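This structure is a prediction, so every number in the text was calculated from the model and none was measured. The analysis underlying the following values was restricted to heavy atoms, covering all of them including side chains, and did not include hydrogens, waters or symmetry mates.
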Amino acid sequence: MNAATGLSLAGVATALVIMWANFRPWWKGGRDPKALIPYGAGWLLGSLATVCAGGALGWGAAGITGLLSKGGDTAVGSLVGTGAAALASSRMGSLTPAGGIVVCVVLAGVILLHRASGKQDRRRIIGGIITGAVLGFLPGVAAQLGWLPDTANMIGAWGESLGTKGSL
């Protein structure tokens with residue numbers, strides 16, 4: 001397994017099962033886009049947490065990835081007798097201090113959404129955080145989502161410019 005995150009194929013498969021469990025009821029139901037907000041908010045936070053190297057969110061994302069991978073490896077090993085299949089991991093980019101503030105605002109928004117949600121939506125938020133954290137470390141996913149930390153940095157820079165003299 002990867003030393004930085006402990007990412008394994010079984011962990012990715014577990015994350016994909018969690019994602020499928022969240023999308024299937026939506027797909028079979030009315031497909032109301034608003035029903036995806038809890039899962040999507042959690043997924044956004046989980047994905048952004050993967051670029052928070054050195055912070056509590058980054059530590060949490062790596063920990064979630066390691067736990068899911070170790071649990072998946074143990075389950076697959078027990079069921080079929082194979083060993084762990086380690087995967088390479090990557091990060092989407094890096095955050096500026098202003099981008100870090102944006103991630104903190106996203107965190108606050110997800111916490112408020114979680115507190116205001118019912119039991120089912122709370123589970124969807126947690127599922128989104130888990131899948132965003134695990135899949136966000138995959139090199140292919142990280143490459144495709146390279147715009148995400150850049151967007152957080154740009155929004156943060158814009159907010160920062162509002163406070164500087166003569167910016168308007």
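Summarising the geometry of Ser117 relative to Ile125, their closest heavy-atom pair is OG-CD1, 4.0 Å, with the distance given to 0.1 Å. Residues Leu113 and Pro38 come closest through the heavy atom pair CD2-CA, 4.1 Å. Minimum interatomic distance between Arg91 and Phe137 (heavy atoms only, all atoms of both residues): NH1-CE2, 3.5 Å. Shown here for Thr50 and Ala133, the closest heavy-atom pair between the two residues is CG2-O, 3.4 Å. In terms of heavy-atom proximity, Asn22 sits nearest to Pro25 at O-CD, 3.7 Å. When all heavy atoms of Ala85 and Asp73 are compared, the pair lying nearest together is N-OD1, 4.4 Å.
At least one donor-acceptor pair under 3.5 Å links the side chain of Ser161 to the backbone N or O of Trp158. Trp26 contributes no side-chain N or O that, together with a main-chain N or O of Ala35, makes up a donor-acceptor pair within less than 3.5 Å. Between the side chain of Ser47 and the main chain of Leu44, no donor-acceptor pair closer than 3.5 Å is present.
In the hydrophobic cluster analysis, where Ile, Leu, Val, Met, Phe, Trp and Tyr join through side-chain heavy atoms closer than 4.5 angstrom, Ile130 is grouped together with Leu16. Taking hydrophobic clusters as Ile, Leu, Val, Met, Phe, Trp and Tyr residues chained together by side-chain heavy-atom distances below 4.5 Å, Leu135 does not share a cluster with Trp20. Both Val141 and Ile129 sit in one connected hydrophobic cluster of ILVMFWY residues. Membership requires side-chain heavy atoms under 4.5 Å apart, directly or through other members. Hydrophobic clustering, with ILVMFWY side chains joined whenever heavy atoms are under 4.5 angstrom apart, groups Val134 together with Leu9.
More than 12 heavy-atom neighbours from other residues, nucleotides or ligands sit within 6.0 angstrom of CZ on Arg122. No more than 12 heavy atoms of other residues, nucleotides or ligands shown are found within 6.0 angstrom of CZ on Arg115.
As a member of the Ile/Leu/Val/Met/Phe/Trp/Tyr network built from side-chain separations under 4.5 Å, Leu79 groups with Val76, Val80.
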Between Asp121 and Arg124, does the salt bridge (charged side-chain N to carboxylate O under 4.0 Å, His left out) criterion hold? Intermediate values first, please. CA-CA 5 Å; Asp121 282 344; Arg124 288 187 176 117; 3.2 Å; yes
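A 4.5 Å side-chain heavy-atom check between Met92 and Trp147 finds every atom pair outside the cut-off. At a threshold of 4.5 Å between non-hydrogen side-chain atoms, the residues Thr65 and Ser69 count as touching.
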Donor-acceptor pairs are to be reported for all side-chain atoms of residues 93-110 against protein atoms at under 3.5 Å, with residues two or more places apart or in another chain.
{"residue": "Thr96", "atom": "OG1", "partner": "Gly99", "partner atom": "N", "Å": "3.0"}
{"residue": "Thr96", "atom": "OG1", "partner": "Asn153", "partner atom": "OD1", "Å": "3.2"}

